[in-house]
Amino acid sequence: MSLLPILRYPDPRLHKIAKSVSVFDARLKQLVADMTDTMYDAPGVGLAASQVDVHERIIVIDTSETRSDLKVFVNPELVWTSEERIVYDEGCLSVPGIYDGVERPARVKARAFDADGVVFEVEADGLLAVCIQHEMDHLMGKVFVDYLSPLKRNRIKAKMLKEERELNRERSRTG
């Protein structure tokens with residue numbers, strides 16, 4: 001098990017657009033395993049490769065209470081979204097401790113490959129639909145705070161930078 005460092009907003013690498021995966025090999029499977037361990041350890045319900053500074057179109061999601069329903073999406077695409085929209089309070093492992101409402105389609109159908117290169121489709125609503133869209137945004141270089149007003153976004157950015165400075169001061173004192 002390898003835990004990967006998660007990039008924190010406003011790190012500019014979070015705004016990099018991910019490239020498609022073309023090789024389904026042992027390296028990809030190891031990355032998926034490491035991303036899964038990182039997501040569970042954080043703890044979170046979704047993680048995009050972009051968040052761990054790997055700019056490839058890979059996401060892992062598990063919205064189950066028991067952490068027993070892992071979904072791996074390689075090169076995901078939305079093939080359908082509902083006209084009905086919902087507002088969901090979203091959080092993000094790259095923006096710890098911050099939650100705010102984001103409006104998105106209520107239902108989606110996504111197509112992707114699994115880690116073995118087998119194509120599949122999934123229809124989702126509720127939390128899973130939100131997670132798929134949220135994580136796919138990361139692959140396009142978008143963080144959920146980008147949906148918020150400039151005022152909220154700037155406050156969040158200032159808070160994250162302050163926390164990072166305090167964390168760095170603490171690290172330099174202890175070691």
Side-chain angles (χ1 to χ4, degrees), residues 1-21 28 30-64 67 69-78 86-105 108 110 112 115 124 126-172:
M1 170 169 113
S2 287
L3 296 180
L4 305 169
I6 298 172
L7 298 177
R8 286 176 56 113
Y9 181 80
D11 191 309
R13 293 172 290 180
L14 288 168
H15 296 291
K16 244 178 127 172
I17 296 174
K19 296 191 179 345
S20 292
V21 172
L28 174 66
Q30 185 61 55
L31 175 59
V32 166
D34 292 346
M35 286 174 59
T36 301
D37 291 341
T38 302
M39 174 186 70
Y40 286 145
D41 183 71
V45 295
L47 186 69
S50 301
Q51 292 176 270
V52 294
D53 203 20
V54 177
H55 301 282
E56 297 179 47
R57 295 186 55 77
I58 307 161
I59 59 179
V60 294
I61 295 174
D62 188 344
T63 58
S64 71
R67 297 181 174 198
D69 192 23
L70 178 67
K71 292 176 178 37
V72 176
F73 297 79
V74 179
N75 298 335
E77 59 180 320
L78 291 179
I86 57 168
V87 175
Y88 203 95
D89 258 2
E90 295 187 26
C92 182
L93 296 176
S94 292
V95 195
I98 303 295
Y99 299 87
D100 211 320
V102 175
E103 183 179 303
R104 298 183 184 274
V108 299
L127 179 58
L128 180 56
V130 170
C131 284
I132 290 169
Q133 294 172 84
H134 176 110
E135 299 307 334
M136 285 181 68
D137 276 352
H138 279 299
L139 302 179
M140 296 307 298
K142 192 167 191 172
V143 181
F144 90 95
V145 298
D146 294 334
Y147 289 99
L148 306 179
S149 71
L151 177 64
K152 280 186 177 181
R153 199 169 40 251
N154 286 334
R155 285 182 177 164
I156 291 166
K157 183 177 182 178
K159 181 179 191 229
M160 293 291 111
L161 290 170
K162 180 181 178 203
E163 287 177 6
E164 189 69 24
R165 281 192 306 274
E166 290 169 359
L167 197 60
N168 287 338
R169 268 198 297 272
E170 185 63 30
R171 284 185 190 134
S172 66

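Computed from a predicted model, the values in this text were never measured in an experiment.
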Salt bridge (Lys or Arg N to Asp or Glu O under 4.0 Å) partners for [X], two or more places apart:
X: Asp69; result: Lys71
X: Arg8; result: Glu163, Glu164
X: Asp41; result: none

#### Entry: 4.5 Å side-chain heavy-atom contact, Ile86 and Val130
yes
### Query
Does the side chain of Asp146 come within less than 4.5 Å of His15's, by heavy atoms?
yes
### Summary
Those residues at least two apart in sequence (or on a different chain) that pass side-chain contact (heavy atoms from CB on, under 4.5 Å) with Pro76 are Arg57, Ile59, Phe73, Ala112, Met136, Leu139
#### Entry: Residues forming a side-chain contact (heavy atoms from CB on, under 4.5 Å) with Leu127, sequence neighbours excluded
Thr63, Tyr88, Cys131
For residues 43-52, run the donor-acceptor check on the side chains, cut-off 3.5 Å, and write out each pair with its distance to 0.1 Å, sequence neighbours left out.
unit_1: Ser50; atom_1: OG; unit_2: His138; atom_2: O; d: 3.4
unit_1: Gln51; atom_1: OE1; unit_2: Ala48; atom_2: N; d: 2.9
unit_1: Gln51; atom_1: NE2; unit_2: Ser94; atom_2: OG; d: 3.0

Working to the nearest 0.5 Å, report the span between [atom1] of [X] and [atom2] of [Y].
X: Asp37; Y: Ser2; atom1: CG; atom2: OG; result: 8.0 Å
X: Leu161; Y: Glu166; atom1: CG; atom2: CD; result: 11.5 Å
X: Met39; Y: Ile61; atom1: CE; atom2: CD1; result: 8.5 Å
X: Tyr147; Y: Glu90; atom1: OH; atom2: CD; result: 8.0 Å
X: Asp100; Y: Asp89; atom1: CG; atom2: CG; result: 6.5 Å
X: Ile132; Y: His134; atom1: CD1; atom2: NE2; result: 12.5 Å

### Task
Could you tell me whether the side chain of Arg67 and the main chain of Tyr40 form a donor-acceptor pair under 3.5 Å?
yes
### Query
Under 3.5 Å, is there a donor-acceptor pair between the side chain of Asp137 and the main chain of Lys142?
no
### Task
Take Asp62 and Thr36, measure what side-chain contact (heavy atoms from CB on, under 4.5 Å) needs, and give me the verdict at the end.
CA-CA 9 Å; Asp62 188 344; Thr36 301; over 6 Å; no
### Task
Check Lys159, Met160, Arg153 against Ile156 for a side-chain contact (heavy atoms from CB on, under 4.5 Å) and give me the one that passes.
Met160
### Query
Which atom names give the shortest non-hydrogen contact between Tyr99 and Gly91, and what distance separates them?
CD2-CA, 3.5 Å
## Note on the structure
Closest non-hydrogen contact found for Ala115 with Val72 is N-CG1, 4.2 Å
### Task
State, without any angle test, whether Asn168 and Arg171 hold a side-chain donor-acceptor pair at a distance under 3.5 Å.
yes
